[in-house]
Structures are given as C-alpha cells and as structure tokens.
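The sequence lines fix the lettering, A, B, ..., with proteins before strands; numbering per chain opens at 1.
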Amino acid sequence: MQKLGPVTARIAQMRELVRDRVIAVDAERALNITESYRKNLLVPPIIKRATATYDVCSKMTCRVEEFELIVGNLGTSFLGSGVQPENGFAWFYEEFDGGKLWVRDENGVYHRDDMGTKLSITEEEKDKLYSIRDFWKGRTVSDHMDSWYPDGYEEWCAIGASSYFPGMPIGDLPSGHLTAGYPKIIDVGYAAIRKQAEDWVDAHKGNLMGADVERYMFYKSAILACDAATAMIRGYARACHQKAQGCPEAARRAELQKMGDGLVWISEKPARTFWEAVQATVMYQLLLYMDARYPALAFGRFDQYTWPFLKADLEAGRITMDQAHEIVDAFLLKANCFYRAAPPFLNEIVGVGNTYQHTTIGGVDPDTGEDASNPVTYMVLDSMGRLLLHDPTISIRIHRNTPEDLWERAIEMTKLVGGLPLFQNDEVIIPALVERGFELRDARDYSLIGCQEIVGSGNDYPAPNGTLCKATIHYGVILDMALNNGTNPFNGRSGALKTGYLYDMQSFDEVKAAMKAQVEYFLGWLVTMNNYSEHIAMRESPHAALSISIEGCMESGKDCVCGGAKYNSFGGTATGLATVADSLTTIKYMVFDKKLCTARELYDAYMANWEGHEPLRRRILNDVPHFGNNDPYADEQMKWICDVYYNACGRMHSERSRIYKAGLYGAADHVAQGAHTWATPDGRRTGEPLADAASPAQGRDLHGPTSVFNSELCFDHRHFLDGIALNLKIHPTALRGAEGAAKLRDVTKAYFDGGGMEVQYNVVSADDMRAAQKDPAAYHNLVVRIAGYSAYFVELSTRMQNDIISRTENVL
Amino acid sequence: MSSDPAGTIYDIQGFSVQDGPGIRTTVFLKGCPLRCPWCHSPESRRFDIQLSWQSRRCIGTAVCGLCLVSCPRGAIVPAEGSQSTDTEDGLQLIRVDWDTCDDCGLCAAECPAGALSMWGKRYTVSEVVDRALRDRPFFEKSGGGVTISGGEPLSQAEFTLALLRALKENGLHTALDTTGFAPWAVVEKALPHVDLFLLDLKNMDGRAHNAAVGVPNQPILENARGIAAAGGKMQIRIPVIPRFNDSGGNLRALGKFVAELGEAVTLVQLLPYHALGVPKWERIKHDGPILEATAPSDKKIGELKAILEEYSLTIQVH
Ligand code: SF4
Ligand code: SF4
C-alpha cells in the first residue's frame, strides 16, 4: 500500500479552517446586483443579467490569504458567501422574520447552526439585505413564473407528492447542474472568446435580419461575460501584487508576485502552466458563482484537462511532483470554500456540507478509448485521502483496462474517507450515451455532476434535475395514493386521478395498473411545470457566463438556456423505488399468493400506521421476500416499477429537448420524502425514510453485497442515464489488509461486468457511528456517504444519523 | 446414491471473505461430534433442527402472544421479569421451558417477529448448488468459490460428498472447513473434490484435547497426515483459547506437526478466541457448556505467531 505523504504547513492550516468553517454571509454581491438592475430595469433580460454580472465582478472584494496559493472567494470573507436576490430570496427574510433560526450572540452577530450548517451574518450586513427587500418584490425570476400558473397546478401541488409544494417560489434556483467548459476557458482564454463574439457583432452592425436580433443580444451578453471575467481576475492579480509588496519573506513575496503575473495573463489568455490551469479553473468557477446561484457546477474531468500542463511543466523542470501535489491540495480545499448560503430545507434534501462540485477522474481517452489515467488522477485520490475530505464528490471512471494501481488507490481512499470515490462504469455508460445520440468521442468524455448525474463535458445542457431543480416525485406517496383512490393519506389531499382502493382490487394486476396510472399522471404534471418554468426562464434567465464555455452556444449564437448547447436533455429522479417494490411484493405475497391476510386487513393496518397491527407488520418484515436478497420473487417488482418509470419518462419532452432522462439517485432526499410519506404496505411506518436511491430498503438486504448486486442487476441500468446511486455499507472487517481491498475490487468488477452502472462503499461500523453520536467532537473526521454525497457524520441530523445506522451492515 | 440427497443447513452466507481464497459462498451444515466450550456457533452443535428464542425481537405478549397458544406441549409460558432485561422496558416476554420443548416448530411458524425461529433447514444438493451458482461471476473475478463449513460437514457424509461432487461438476472451487474428526474412509472420498481443506488443529496433547472437546485428537492428526500424503492442500486453523491451548509448548508441538505436513499446508491461521458465540448460546437449549472469557491480547497472539514462525510457516492472524 502506498503511504500518503504529509501536507505542507499552510495546507494543514487551511484544512483546519475549512473543517471548522462558519460561512459568513454578506450583502456585497446583493447590493451590487441590485444597483445594476435598478439602472437597467427595462433593458432586455439577457443584457441586463450579463451587465449585472459584469458590475458584480468588477466591484467585488478580491482577497488573498497568507496561506493561499489558489485564490478566489465567494464573499467578502475567506469563508464567505454572497447571496442572490435576483432569482428569489424570500427564504432569508422568512428565516429572520420567523425569528427562530438565527440567534444573535453578544457581539451582535447572528448565527444559524441548524443541522450543523454554520452560517453567520452581522447586524450591518443583515440590515443591508433588508434594505433591498422591497426592490425585488415582483422582480425576481421566480416572480415572473409565480404570477400565473397553468390550470390545475395549485390543486396538484397541494397533494405534496413532488418537489412542488403550495406557496413555494418555483424559480428561486436557476438550472445549472452541469459540467461547464473548463478546458475551453483554459485552452482558449477569454480574449479569444470575446473576439469571436465581437467579430459577429461588428459584422452585423445595423444589419439584423430575422433571428439575428436574438443572436446579436447573445453575443453582446457573451462580450459582457468575458469582460466580467477579465475584470474579476485582474482584481485578484492586484490583490496578489499588493500583498507581495508588503510581504517580508522573500520566497513568499516572489510567489505572490508570480501569482499576480499569472492572473494577469489568464485574465485574457490561455493558461501556460499547471498552476495557471488550476487557477483559471477556479476563477471560471467563481465567475459562474458571481453570475448566478448555479446549484451543481461540476469540475468535470479535472485530471484530463490539467495533466497536459503538468506534463509540460515537469518536462521543462518548472515544477516538482510535491509542488504539483500541493496545488491539487489547495484546489480541493478551495473547492470546499465554495459553500453557499442556502435555506435549511435545501439541506434536508441535498444534505449538509456538500458543495456539489462533483469531480471526475480516470476513464478512457476520448479519441483512443484507451485508459486515460495520469499522475493527476492519483494526486486527487491521495489528496482527498490525506486531507480526509468528503467534498468535492469524486467519481472514478472504471473501465476494463483500469490499472490495478489505480484500483488499489481508489479502494484505499474508500477506506480512509468512506463513501468516496464513487465507482462509475464506463462500459455501461459510454454505449448508453451513444445510444442516446452522443458522438462516440463525446460519450467517452462524459463526466458526473451533482449526486450522480451523467453529462457531457462542456458540450451538454443536461438539466438532470429538471430545468429549475424541481425534479422529484415522491414515489412512496404515489403508491399510497394509487391504493387509496387518488388521495394522499398523509394530508387528505386528492389528485384528479381516481384509481380505486386496495380492498376493492380483485387481482394483483389491478394493483399494478393503479400504480402505473398514478406514475404517469404525476410525471406528466411534473414535466408540465418544468416546461412552463423553462419557457419563462429562456427569456428571464439566460446564462451568458456559462454559455461562453459550452460547445454549441458561441457557434450558434444561442444561450445554453435556450438550447444553444451541442447536446440538450433534461431529467429527474425516483429515489426509494425499493420501498415501492417491497410494498408491491407484500401485497402480492400476503394477499394474493399466500393469502395470509385480506386486502382489507392490510389496508386498514397501514392506514392506521400499523397501530394495533404490530404482529402483521412484523410478519411482513420477516416473511415477505425483499428486494436486495437475490430473490427473484422480490426483484420482479423492482424491475417492474423501474420499467414503468423509465417508460413513462420516454414520453416526456420540452421545447428545448426531446430527451427526458430517468434516474435512480437522490442524495438525502429519501429521508426528507419519508418524513411526509404515510405508512406503506411494506411495513414502513409514517415518517420513516424511504429506501435510499437505488439501494434496497434499509435493513432489508440480509445476504451481503453479492446478493445486493445480483438483485440490482434485475433492471437495465442503461435506461437510467440520469444516474444510479447504489450505496453499500461495508463493515471494515471485510476490508482488512491487501486481500480485503482486492476482494472489494473483485466484487465491484464482477458487478460492473454484469452491467452495474455505479456503486459507492461506506466503510464504517454501526458502533463507530453510535460512539460518534455520543461524542461528536472525537469523531469529527468520520465521513459517511448517503447515495450521491458524503458528509461529516456529526453534522447530520439525528434522524439521518439513525437512518444510516439502521442500514444493513454487510458483516462477515 | 440417491439422486439429490438433502442435508441440514443452518446458514448460507454470500460474500464470505475469510473462509478461503477470494469471494466465497459458505454453506454451514448443522451438527458436530465435538463439544468445544468456546464454540462460536453453538447453534451448529446439534444435528437436528432446533428452536431458537431471541428476546430482542419479541414484541410482547400484550400485542401478540401467538406462541403461548401455539405450543401443544405448553412449553411456552409468560416470562418472569428478569427475562425482559434484553429488550425495551415494559414488554411482557415469554420463556421457553427447554425441558418440555421437543422442537416441533409450531411456535416458530406462528411467531410473526422472528423471535422464535428454527435453526436448521433441509436443503437438497441441487438447491444449494443453484444458490451458489448465482454468485459465480463473483467467484470467477476473485478466485473464490464455495466453502462447506459447519458444524462438522463430514458428519453429514452422504450429503457433503454429493454436494462437493456437484460443485466440482459445475467447475467451482471448493473448500471444506472441518474439524478433521471423521473416518478416513469419508475423508478419502472427499479428497478428489476438495480444492482446499480448512483444517482445525487445537491441541497436540491428546488428553487435554479429549477432556475439553470430548473426542481424541489422534484421528484428526492422522487425517491431516493422510490428506498431505494424498496430495491435498490445507490451511491449518488454530483457535487460540485462553488456558486451553495457548501455551508455548502446545504451539511448538503444533508448529512441528504442521511443518512435517510439508507443502500440503499453504497457510496457518491463528483465530483468537472471541465471545460472539455466547449470545447465540443463550438463545437455544443448552447443549454442552459455553466458555465466556476475555479475548487473548494482541501481544499474546504476536508471541504465538512468532513461535509458529520458527517452523518456517506462513502465518495469518484473523
Ligand atoms: S418448538 Fe417447542 S416451544 Fe415451540 S411449539 Fe414446539 S414444543 Fe412448543
Ligand atoms: S409469538 Fe413471537 S413475538 Fe409474539 S409473543 Fe411469542 S415470541 Fe413474542
């Protein structure tokens, strides 16, 4: 086993700061954008937005800390966050007006410390944010969408079975679940992109015919975006140069000077060195964060686009491997600083402490299809391991020629960090992308974003969480409604579709027909609302800063929001289908096949939340076959519901895209959904979590990973191009020594050979976690993973902690 | 031979990673002629299917109580207070009168919570093979296969031999985890179908061996020599039991004996005693004593390992 080298003192210092982070919220960005909008109220949105981005970037505070070699800050503090009033910012005022979440300390600073998300704001910054409250009333992107709705929306959303709930702003998060074109920014530079736009604009001056007006405005917005980038990066260059002047220590002075010079260069031109490539990546990320609150901007194939620079540096003797490794450390720590203020409900769904900057390593070369791993691939794994970071999420792309060394290091990282990296199977994903219309070269260049979603790198507008991050249907609720004549037992709300009562259903086929009808009904509504809000977003919320790097946009003169990208799709996810499958199996087994109870008895029992029916509930838990045990009787229903969902997705499309992707992932959403899902026939009680993503229901898989894998292969993974998350908890004793690591590798290989798309392993023991619940301070480094993301265990809510503990341990 | 003989099995475990090479499926057969007090699976001792009572799973007679009326012999009665310590407060649990119970299984069939359940189930050879074959891709990737364990699998000789043959016919790697206490004639028949023996050796002192586990060590040692002579491969497993076999003298004698087996032995494993058998023992009709002791220290195990290494053996501590 490779011994991980030590980190430098300044990296260690930054690591401490990041671990204990309290994100200081400030009003700088909000005030700057407000001022810009005030001046340009009636300017077309595409220009108004790009102008605002320029104003924000040219006025922002640019910092460089003593210990930094990669710079960039989201707010005015090292660990700060600006906010984005322009999409919808009601949550902040509601939190303060509600008066419960934020607690004022003796220094007049407010703290929000729920669920371990530590935010703070000073009285002064809070007042500034209140000063712009009135300006934004009726002016946010969401206000444009919320002022009118398609008929029937209110009734449908009141059911509470999707991402939509009554009174919510439907457009307060922009799209932006994707991999931006970092390689283009690094390799081409802003000046050349700007010139391309300017050439078009110059050529069409006074001669805008037909659709030219739209293109003209797009290219104008692109110029503004490039200027915004240049202005911001120059700001950082100035900060470095200034800091150099006051620096007493010669080596650091020279370093700061060099950083400043490099920043000046990359503010317009392509990167020349590894450091410049990494810093340019971070600067572009920051530009996007200044542009909008994109929820999940993934770094893409970081090892692929930075390695050529490192290789050249090494060949020229400009850098040592240790120096390069420090840059990778600094990059990953900087990514951890990009943690943005968000309302608590978002934490419930996506999990705490994740910046959603998924980073992909390994995989194959786009041109040759050969293994593409390189020294940066290994550095990323080692840095995550030696810094014990759980963020950003790392996916390692596995293919048939993945080197044994890389396997070993990836599994070593799993043991150290827990849950990371995610193992993704090229052999399943690449052909599936080609089937979906990707050119082979682009398919081979795919990357992962968000929790799990599969996207093209820098050429795709994939909207995998729907266009405005409202992409989930709560399938547990749908099941309850299907068996309760279209009424949600949790709140008594009814949908328009009546599918009868379980106790009137004469056959299992009738049960399935009811479920299928409700799935189609709900998905139809979900996509209707997506398509409605996307229609408004195309006008109100184009993304120039993003479009300059996404292949297709500059070529076509069309913003990526409006369909300018080379590839377009959208999608959503169904988390916890195992709960649905187990419920269907329960009905089949108990009522129709074994006749151990009547449909009425079963219905009455779970409608009473099992109260007074504990023996029946226990019999279901004990006797009924469950998904995840390699039992065809149970797996059949999982395959059925996956197929129903997938086939329903096949009918969905939007103005921008013909392709609606199905996914089986969901971060922590199975907990949040479960909290408002009534009891289900599988023995689950009201409020308990659903199964997690594509995994078997908690504690129901009793025969270890090989059986789970065999069960998972009952459905076709290629159908789920929005991503699959299978979370397997492995007891550390299963992984002892080199032999244990080899067995984990082999079990994964066999799963992937069989058609498995993804797996992630959580190597922790329940005892560790119980101890951590009692003594959080001593277990600060304990990282766990819930499908698609990982977090510090002690930062999770107690309910989520208990959920993790209750998962089956794959004990020997 | 009957075409598809059946055996009594108490567990089939997938992703078994410590019972032979690679990823394995381990089939645990019920019944053992030895009575080791340190046994970590006391539910494997008896050959017949037997009742198990796990208080932690019981939901209480107030809401359930199905078992109370199900027993034809009246062997289940409401427990007196002390029995409920294991579970949440306030539940009225039950008690099994083990002397009256004849393991008919009627109560277990009624119990909805799995609190009363039966250890052991009859499986035919083809059922076991079907189960094992589902994991074939994992075996192939990892160089794994099927391990037949126990209890003492060679005590169900007909079934075990048929199972071994069937597994080999399907091209699977086979390991046999055995106490070695079986007639040589049975071992000899198994030999061609066993890729690897996992053979327990406990104590070279025949009297101490007999006194502790109830059978002599002589047949075991002879079988070990026989396997070596016939070209079989063995991993020797030595449970390290405080005050029974953890003396330097015993380890030296074991080391010498194993070294003499020569190349037949691929690995020697030290299995330090642990108390995980005790909670299982508490759930069943007591059949022989159980040892509850503290596990040997890492230091102690290190010393014993060093002794064995003097005999040029490859040692692994589990
Ligand atoms: S197994 Fe024993 S306790 Fe259970 S019903 Fe039969 S005799 Fe009674
Ligand atoms: S039947 Fe089972 S759960 Fe019910 S009281 Fe008896 S032991 Fe407890």
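Annotation: maximal heavy-atom pairing with chain A below 4.5 Å, among B:Gly143, B:Ser142, B:Cys111, occurs at B:Ser142. Ranked by heavy-atom pairs shorter than 4.5 Å toward chain A, the options B:Gly22, B:Pro137, B:Cys64 are led by B:Gly22.
Proximity of A:Glu739 to B:Gln316: side-chain heavy atoms (C-beta onward) are separated by under 4.5 Å at one or more points. Between B:Arg57 and A:Asn622 the shortest side-chain heavy-atom distance falls below 4.5 Å. Taking 4.5 Å as the limit, some side-chain heavy atom of B:Leu66 sits within range of a side-chain heavy atom of A:Arg619. The shortest distance between side-chain heavy atoms of B:Lys141 and A:Val747 does not fall below 4.5 Å.
Under a 3.5 Å cut-off, the side chain of A:Lys743 and the backbone N or O of B:Ile23 do not form any donor-acceptor pair. The closest donor-acceptor contact from the side chain of B:Arg134 to the backbone of A:Thr706 lies at 3.5 Å or more, if one exists at all.
Remark: A:Arg400 CZ is loosely packed, at most 12 non-hydrogen atoms of other residues, nucleotides or ligands lying under 6.0 Å away. Few gaps surround CD on B:Glu309; more than 12 heavy atoms of other groups in view lie less than 6.0 Å from it. Annotation: B:Lys233, atom NZ; neighbour count of heavy atoms from other residues, nucleotides and ligands within 6.0 Å is above 12.
A donor-acceptor pair shorter than 3.5 Å cannot be found between the side chains of A:Asn630 and B:Arg131.
Residues A:Tyr751 and B:Phe138 share a closest heavy-atom pair of N-CE2, 4.0 Å.
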